[in-house]
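Report on the structure given below.
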Amino acid sequence: MTTVLFVDSERKFLDKAKKYLEKGGINVALASSAEEALEMLRDNSFDVIVSGLEMSGMGGIELLESLKARGIDAPFILFADSGREEATIKAMRSGAELVLQRGEDMRAQLRELEAVIEEIVKRKNAEAALRKRERDFRAIVNGNADAMIVLDREGVIRYLNPATSTLFNLPESDMLGKMMGFPIVLDEPVEMYVMRGFREFVAVEMRMVEAEWAEKPSYLISFRDVTGHVRYEEELENRVEERTAELLMANKMLQDEIESRMAIEEELRVEIEEREKADAALKEAKARADLYLDLMGHDINNLNQIGIGYLELALESSDPGEIKSLIAKPLEVLRSSSEIIQNVRKLQQLAKEETKKDVAASIINLCSVVAGLSTAYSSVKEREIEVRVDAPKLCLVKANGLIRDVFANLIDNSIKHSDPAKPLTIKITIKRVTDNNREYFLCAVEDNGPGIQDWVKDKIFMRFSRGTTKAHGKGLGLYLVKRLVEDYNGKVWVEDRVPGEYAKGTRFVVMLPAALI
Amino acid sequence: MPTATKKPGGKRKEKEWELRLYVAGETAKSRAAIENLLKICEEHLKGRYHIEVIDLMKSPQLAAGEQIFAVPTLIRKLPEPVKRLIGDLSSTEKVLVGLDIRPFDEGAGAS
């Protein structure tokens, strides 16, 4: 409740005023002199003091001055008679809140007084609240662990709490009045730095509220030291980086591992390929060995049986003439046996040379080879054989020494399958031909023997395929011919000497690549 | 022989703007502040501004002389009066207000 001290020496006026104001809810104390008022104010305080100007004893202005001297600054309202402008001015100068004119209409004056008192009280309350708020504000700000700064509209530091001095490592006096800057905050908090002692960076979060400070619109900003937080983030970032590096390293190692494995696999693949090749070669070698065994076993055994038969007959015979003829056969058989053995050796040699890949490495003059054979076969005993050669003097082919056996076998073949009772003519012709832009020598060996039926022609080069003539054969000579010729990158085939009439004789054709000089 | 001279004062004299931006390191935030400032200047102060960017991580000794309390700080050295901004300099609108650049301000109002 508002309390008013009313001072006047006119008792009637006091009583009326008291009665009127108390109806409006104002608590009124009365003093009939300034001295009495001062006495009352010693122990009591009032919201407003109302006093007359002229009283018995001390006057109103003196009372006001006296109150000011004592530190009592409650609002002071002076009632003055009209026409006392001088006193009014003096009262105002001395700090009176208001000077009211005392006139005829007392009620009107009291109504005005009441309104003024209410106004003053309202204002006083507002001021007190503001003071309290500022006190509270300072208490909060001062005690805050965050640095809190009040900036004016220009960004000049107007106030700072103790935490600010600590954060900035600067005394308050070095900061007050300095321009920090107009704070811009879009989303709270703003992550930024403050400069500790203008040297060290401190990561902070800035927050801001608009506030009134010393009755001016201002900004209250706070800085929270988040160094620890930032450090944690930095550490996290470092750890992520480390981990990334580790992963990259691991990835690289894995990549290397994959590459080395792939290299090993490739090596393994090559090795397997080589092994497969070696296996194939081994199989081939085994097949060849089987072939040799077959030849040796089968053919020689057959021949031996024939030989044995004749020799047994010879043992039982007592006729020297018959014996002689009986042992001639085993002799022939033995020759055939050794021929087989010779041919097997040649095949073996061929196989060895093949592995060395130099089968067709030398250059041979085919003509001299054939000429030599012609001489040798023309003197075969008990047979009338003529070997004629029609060839240029120089026919160089890519082959090796075994080329002689190709033609020897072909000539042998003609002799074996011919009728021993008839004369045999073997004609060898050599011509240079071009096939597919390549130079070849075409060598034809033809005879006037019994010939080869068409259905047999493609089989005679196979192992153990024999002609239909009764003549003995080993089924190996032509096989050897085919293998040799193919090894020389050539071709061999058989045809009728007179096309369409097989019985008029056979023609073997050997085509060998010419050696380029 | 008559000569045609163009009076330099034909156009109203425009304010020259001198800005100085203090940043801490070449971070994404620093870049955002610089880019935003350049954008604002190109838009509103084209041809009459000068920006100096100072990285306090590289030259921390410059903080004390200019009394830089916080980073980033943007200082308007010219035109006077000197103004300073701190905080989120990537906010175009508030930087405009802080620097007292009125949008589409031709700068001719001040004398």
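Letters A, B, ... are given to chains in the order of the sequence lines, protein chains preceding strands, and every chain is numbered from 1. The model shown is predicted, which means the values in this text are computed figures rather than measured ones.
- Counting non-hydrogen atoms of neighbouring residues, nucleotides and ligands closer than 6.0 angstrom, the CD atom of Q61(B) exceeds 12 such neighbours.
- Checked by atom type and distance alone, the side chain of K94(B) pairs as donor or acceptor with a backbone atom of V185(A) at under 3.5 Å.
- Only the side chain of V190(A) comes within contact range of chain B, with at least one heavy atom under 4.5 Å from a heavy atom of that chain.
- Under a cut-off of 6.0 angstrom, the local environment of CD in E154(A) is sparse, with at most 12 non-hydrogen atoms contributed by other residues, nucleotides or ligands.
- Ring pair F69(B)/F198(A) is tilted by interplanar angle, where 30° to 60° counts as tilted.
- For M206(A), the part lying under 4.5 angstrom from a heavy atom of chain B is the side chain only.
- Surrounding CD of E80(B) are at most 12 heavy atoms belonging to other residues, nucleotides or ligands under 6.0 Å away.
- Among R196(A), K178(A), M179(A), the residue with the largest count of heavy-atom pairs under 4.5 Å with chain B is M179(A).
- Closest approach of R199(A) and P60(B) over heavy atoms only: O-CB, 4.2 Å.
- The 12-atom threshold is not exceeded at CZ of R93(A), counting heavy atoms of other residues, nucleotides or ligands nearer than 6.0 Å.
- By the neighbour-count criterion of 12 heavy atoms within 6.0 Å, atom NZ of K58(B) is sparsely surrounded, having that number or fewer from other residues, nucleotides or ligands.
- In plain terms, the two heavy atoms of P72(B) and M192(A) that are nearest each other are CD-CB, 4.0 Å.
- Among all heavy-atom pairs drawn from M180(A) and R84(B), the shortest one is O-CD, 3.9 Å.
- Across G98(B), P81(B), G87(B), G65(B), the residue that shares the most heavy-atom pairs under 4.5 angstrom with chain A is G87(B).
- At a 4.5 Å heavy-atom cutoff, the contact between L89(B) and chain A is made by side-chain atoms alone.
- The two atoms that bring L85(B) and I184(A) nearest to each other are CD1-CD1, 3.7 Å, heavy atoms only.
- Annotation for M195(A) and I68(B): closest pair CG-O, 3.4 Å, computed over non-hydrogen atoms.
- The environment of E86(A) atom CD is sparse: at most 12 non-hydrogen atoms of other residues, nucleotides or ligands sit within 6.0 angstrom.
- Atom CZ of R261(A) is surrounded by 12 or fewer heavy atoms from other residues, nucleotides or ligands within 6.0 Å.
- Here the closest heavy-atom approach between residue F201(A) and residue V71(B) is recorded as CE2-CG2, 4.2 Å.
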